[in-house]
Chemist: 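Have a look at this one before I ask anything.
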Amino acid sequence: MDLAMDEFEKLVVAELDLLPDEVVDGLENLVFVIEDRPEDGSLDLLGVYEGYDLFDRANYGYGQLPDRIVLFREPLLTICDTEEQLRHEIHVTLVHEIAHYYGIDDEHLHELGWA
């Protein structure tokens, strides 16, 4: 599947808007970023949370840069054949990475069916 960055961004914003308020209302000092690929150039990683989870926020200093949730456009496009599949994968990736913000690890996400 091929989709220009601006169209991909629109899908990400639309999926963010669909997330329940109780999931997104607690997000602080966090930005969402879209990059083409991870630094290593692989297509295996769909997204990543970079920062301190909610329980480690005490480690923040004054003026700390925001944490980041990065979605990788090319890996997401590679695993999808349709826009519907892409929307689903973006949604799952957002939920997965936001869960890391809340301190939920991959093992628990797997138990919950989000990994």
Side-chain angles (χ1 to χ4, degrees):
M1 184 172 187
D2 191 24
L3 195 63
M5 181 63 88
D6 61 332
E7 293 300 316
F8 187 87
E9 287 176 7
K10 289 177 186 176
L11 290 180
V12 172
V13 169
E15 289 305 315
L16 273 170
D17 287 344
L18 292 174
L19 293 174
D21 290 342
E22 55 269 9
V23 170
V24 293
D25 283 349
L27 301 176
E28 295 180 4
N29 203 31
L30 176 69
V31 296
F32 293 87
V33 178
I34 299 168
E35 295 179 1
D36 282 327
R37 287 187 183 202
E39 284 186 23
D40 67 2
S42 73
L43 293 172
D44 297 331
L45 188 62
L46 304 180
V48 66
Y49 175 73
E50 299 172 342
Y52 295 97
D53 67 40
L54 198 56
F55 300 105
D56 288 333
R57 287 286 167 127
N59 295 328
Y60 258 30
Y62 178 76
Q64 183 85 23
L65 290 174
D67 292 352
R68 296 177 358 134
I69 289 178
V70 182
L71 272 66
F72 298 111
R73 184 180 69 91
E74 290 177 12
L76 282 159
L77 290 172
T78 299
I79 64 168
C80 297
D81 294 320
T82 66
E83 185 176 313
E84 183 178 331
Q85 286 176 330
L86 181 59
R87 286 179 177 273
H88 172 76
E89 290 300 330
I90 289 170
H91 185 88
V92 169
T93 304
L94 287 170
V95 169
H96 182 103
E97 301 310 333
I98 290 170
H100 288 317
Y101 169 90
Y102 286 113
I104 301 171
D105 63 16
D106 282 332
E107 182 179 329
H108 193 187
L109 281 168
H110 183 72
E111 293 169 5
L112 296 170
W114 288 100

Chemist: Measure across L30 and P66 and return the closest heavy-atom pair with its distance rounded to 0.1 Å.
Modeler: N-CB, 4.1 Å
Chemist: Verify side chain to side chain contact (heavy atoms under 4.5 Å, CB included) between D106 and H96, making sure each step is shown before the conclusion.
Modeler: CA-CA 8 Å; D106 282 332; H96 182 103; 3.0 Å; yes
Chemist: Measuring from I90:CD1 to Q85:CD, what's the distance to the nearest 0.5 Å?
Modeler: 12.0 Å
Chemist: With heavy-atom distances below 4.5 Å as the criterion, would you say the side chains of D44 and F72 are in contact?
Modeler: no
Chemist: Taking all heavy atoms of M5 and all of E35, pick out the closest pair and write down the distance.
Modeler: CE-C, 4.5 Å
Chemist: Check whether V33 and V92 end up in the same hydrophobic cluster, where Ile, Leu, Val, Met, Phe, Trp and Tyr are linked by side-chain heavy atoms less than 4.5 Å apart.
Modeler: no
Chemist: Using a cut-off of 6.0 Å, state whether more than 12 heavy atoms not belonging to E39 lie near its atom CD.
Modeler: no
Chemist: Which heavy-atom pair separates I104 from H100 by the least distance, and what is that distance?
Modeler: O-ND1, 2.9 Å
Chemist: What are the two closest non-hydrogen atoms of R87 and A14, and how far apart are they?
Modeler: NH1-CB, 3.9 Å
Chemist: Is there side-chain contact between L16 and L94, with at least one heavy-atom pair below 4.5 Å?
Modeler: yes
Chemist: Do L76 and L19 sit in the same hydrophobic cluster, where Ile, Leu, Val, Met, Phe, Trp and Tyr count as joined when their side-chain heavy atoms come under 4.5 Å apart?
Modeler: yes
Chemist: Which residue is it: I69, V12, L11? I am looking for the one with a side chain to side chain contact (heavy atoms under 4.5 Å, CB included) to I34.
Modeler: V12
Chemist: Hydrophobic clustering (ILVMFWY, side-chain heavy atoms < 4.5 Å, transitive) - are V48 and L65 grouped together?
Modeler: no
Chemist: Which residues satisfy the side chain to side chain contact (heavy atoms under 4.5 Å, CB included) test with L77, sequence neighbours excluded?
Modeler: M1, L3, F8, R73, L86
Chemist: Membership question, hydrophobic clusters at under 4.5 Å side-chain separation (ILVMFWY): are V31 and V13 in the same one?
Modeler: no
Chemist: Evaluate the ring planes of Y101 and Y49, with Trp represented by its six-membered ring, and classify them as parallel (under 30°), tilted (30 to 60°) or perpendicular (over 60°).
Modeler: perpendicular
Chemist: Under 4.0 Å between a Lys/Arg side-chain N and an Asp/Glu carboxylate O for E7 and K10?
Modeler: yes
Chemist: Decide yes or no for L46 and I79: does some side-chain heavy atom of the first lie under 4.5 Å from some side-chain heavy atom of the second?
Modeler: yes
Chemist: For H91, check ring-ring contact (aromatic ring centres under 6.0 Å, His included) against everything at least two apart and list the hits.
Modeler: none
Chemist: Could you report the tightest heavy-atom contact between P75 and L43, atom names first, then the distance?
Modeler: CB-O, 3.4 Å
Chemist: Output yes when a side-chain donor or acceptor of D36 lies under 3.5 Å from a complementary backbone atom of E74, and no otherwise.
Modeler: no
Chemist: Within this structure, what is the CD-CD distance for the pair E15 and E89, rounded to the nearest 0.5 Å?
Modeler: 11.0 Å
Chemist: Do you know which two heavy atoms are closest between H108 and D105, and how far apart they sit?
Modeler: N-OD1, 2.8 Å
